[in-house]
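Everything below concerns the one structure shown next.
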Amino acid sequence: MAMTTVGRDYIAQALVGETFTAFNNANARIGVGDSSTAFAAGQTDLQAPANKLRKAMDATYPQRAANVLTFRATFGTGEANFAWNEWGVFNAASAGQMLNRKVESLGTKTSTQTWQLTVDLTLNAS
């Protein structure tokens, strides 16, 4: 999955101890939207103009195991009832920074369903 320019810069800031808003349980969100606009590294938000929602982390998330970060959010029956064509990880309920964005069709959520989205980000050395 593709990391944004902002995501890259946040990792660099963390490495040298600069101030930034963490992607922790208090701040992290998974956002979903209905846009199928192609990914571009400079994007700072989901591309859906209206049908998009950021949801806070479930308890105990995000988690880290070695180089894998796991984010998880549960979307209830009254939330995000539209086609899920894009998703991303954020560090704020609005505005803030988008770590990554993925364009993929996950289906159409309806008001009779609760969906849980889990995102595993693997940081690799190359």
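Bear in mind the structure is a predicted one, so any value in this text is a computation, not a measurement. In what follows, every heavy atom counts, from backbone to side chain, and hydrogens, waters and symmetry copies are set aside.
Panel note: side chain Q43, backbone A38; a donor-acceptor pair is recorded below 3.5 Å. The closest donor-acceptor contact from the side chain of N100 to the backbone of V89 lies under 3.5 Å. Without hydrogens or angle criteria, E86 side chain to A48 main chain gives a donor-acceptor distance under 3.5 Å. In this structure, N25 contributes its side chain and Y61 its backbone to a donor-acceptor pair below 3.5 Å. Distance alone, capped at 3.5 Å, places no donor-acceptor pair between the R54 side chain and the A56 backbone. Between the side chain of S111 and the backbone N or O of T77, no donor-acceptor pair lies under 3.5 Å. Within the 3.5 Å criterion, the main-chain N or O of N27 finds no donor-acceptor partner in the side chain of N91. Checked by atom type and distance alone, the side chain of R101 never pairs as donor or acceptor with a backbone atom of A40 at under 3.5 Å.
Applying the salt bridge (Lys or Arg N to Asp or Glu O under 4.0 Å) rule to R29 yields no partners; only residues at least two apart in sequence or on another chain are considered. With sequence neighbours excluded, the residues satisfying ring-ring contact (aromatic ring centres under 6.0 Å, His included) with Y10 are F20, F23. Residues that satisfy the side chain to side chain contact (heavy atoms under 4.5 Å, CB included) test with S105, not counting sequence neighbours, are N85. The salt bridge (Lys or Arg N to Asp or Glu O under 4.0 Å) search around K55 returns E79, not counting sequence neighbours. The ring-ring contact (aromatic ring centres under 6.0 Å, His included) check on F39 picks up nothing, with sequence neighbours excluded.
Considering only heavy atoms from C-beta on, T70 comes within 4.5 Å of T118 through its side chain. Counting heavy atoms from C-beta on, the side chains of N67 and N124 come closer than 4.5 Å. Using a 4.5 Å heavy-atom threshold, the side chains of Q97 and D9 count as separate. In this structure, the side chains of T74 and Q116 come closer than 4.5 Å at one or more pairs of heavy atoms.
A pairwise comparison of heavy atoms in W87 and L106 identifies CD1-CD1, 3.8 Å as the closest pair. For the pair L121 and F71, the tightest heavy-atom approach, listed with the atom from each and the gap, is CD1-CE1, 3.6 Å.
Sequence neighbours left out, the pairs with a member in residues 65-74 that pass salt bridge (charged side-chain N to carboxylate O under 4.0 Å, His left out) are D58-R72.
To the nearest 0.5 angstrom, L53 atom CG is 12.0 Å from D34 atom CG. Distance check, rounded to the nearest 0.5 Å: OG1 of T108 to CH2 of W115 gives 6.5 Å. Summarising the geometry, atom CE belonging to M57 is positioned 10.0 Å from atom CG belonging to N24; distances are rounded to the nearest 0.5 Å. Expressed to the nearest 0.5 Å, how far CG of L46 lies from CG of N51 amounts to 11.5 Å. Here Q13 contributes atom CD and R8 contributes atom CZ; the two are 10.5 Å apart, rounded to the nearest 0.5 Å.
A distance below 6.0 Å separates the ring centres of F75 and W84.
Hydrophobic clustering, with ILVMFWY side chains joined whenever heavy atoms are under 4.5 angstrom apart, groups I30 together with M3. A single hydrophobic cluster is not seen to contain both L69 and F90; linkage of ILVMFWY side chains at heavy-atom distances under 4.5 Å, directly or through other members, places them apart.
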